[in-house]
Amino acid sequence: MTKIIVFTDIHFCVEHLDHEINPVTRLEDGLRHALKYNADADHIIITGDLTHKGGIGSYELLKQSLEKFDVSFELMIGNHDHRENFLSVFPETPVSENGHVQRIIDTDTHRLILLDTLDGPPYDYPLSHRGMLCEKRLAWLDEQLASAGNLPVVIFMHHHPHDVGFRAMDTIQLVNSDEFYAVLARHKNVQHISCGHVHRTISGSHRGIPFSVFKSTVGQMPMIFNSMDFHAETNEPPAYGIINLGMHGVTVHTEDYGLTDLDVFL
Ligand SMILES: [Fe+2]
Ligand SMILES: [Fe+2]
């Protein structure tokens with residue numbers, strides 16, 4: 001079995017350190033929690049919106065936090081990130097041949113495909129808040145699915161690739177969803193899709209493929225489906241995801257860390 005810890009939407013920002021929700025404290029508390037109770041995790045993936053404004057100072061702040069933990073991290077980017085600034089602070093991050101922050105990880109039972117859905121450069125906001133897979137990224141995805149052999153695939157991507165019911169966020173989902181699902185349909189080997197971006201726990205299936213979305217470590221999406229307020233957030237407990245991959249499939253858990261003292265159960 002392969003155990004994957006997933007954090008998403010950590011939104012580091014040097015200007016938010018005095019806010020009620022401190023992104024640094026939230027992530028470090030979450031990582032301590034995840035590593036304490038899931039010391040057997042094989043991978044820790046952070047599925048984008050690593051920063052809030054994409055500034056180099058915020059990436060350096062993240063680097064300082066991650067260096068406190070004696071584990072490696074698979075870092076992905078989202079719409080609040082800046083690819084070049086990210087890579088200047090994390091130059092060791094693998095990129096695909098066209099410079100996108102995407103790669104594969106093969107486990108005993110699955111191929112993990114980590115996709116870069118950031119629509120830029122140019123970083124043309126608010127348009128760049130939507131997700132995009134350009135021709136080059138779709139071709140790369142096609143190749144990774146084709147070469148997976150007998151391994152079923154789990155895709156990690158920041159943007160959700162279909163409507164999830166939140167009106168505002170659905171306008172900035174992956175915009176070329178049809179092209180994305182057409183590539184997946186050619187291979188029929190994707191077993192699960194894990195996303196972030198919405199700041200809410202959501203699961204289901206779309207076009208026959210199961211998906212899950214995890215909550216953020218900072219503000220969460222209010223459960224008001226028809227709101228068009230992109231900035232609305234609630235101060236609910238933060239969460240991380242735990243994905244177990246086995247011979248026969250995928251199991252997905254979420255943990256709202258900080259709600260319960262788990263030590264009393266040890
Ligand atoms: Fe986010
Ligand atoms: Fe996002």
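Ligands are counted one by one from 1 in listed order, and the atoms in each one are counted from 1 as well. The chain is numbered in sequence order, starting from 1. Just the heavy atoms: all of them, side chains too, but no hydrogens, waters or symmetry mates, feed the values below.
Any protein N/O/S atom under 2.8 Å from the Fe ion (ligand 2) was counted, giving 4 altogether.
Using a 4.0 Å cut-off between charged side-chain N and carboxylate O, Arg200 and Glu236 make a salt bridge. One finds a salt bridge joining Asp263 and Lys36 here, because a Lys/Arg side-chain nitrogen approaches an Asp/Glu carboxylate oxygen to under 4.0 Å.
Using the six-membered ring where Trp is involved, His129 and Tyr125 have ring planes that are tilted, between 30° and 60° apart. The aromatic rings of Tyr59 and Phe90 sit perpendicular, their planes meeting at an angle over 60°, well past the 30° parallel limit.
When all heavy atoms of Val218 and Ile10 are compared, the closest pair comes out as CG1-O, 3.9 Å.
Within His11, the N, O or S atom at minimum distance from the Fe ion (ligand 1) carries the name NE2.
For an aromatic pair to be called close, the ring centres must be under 6.0 Å apart, and His33 with Tyr37 satisfies this.
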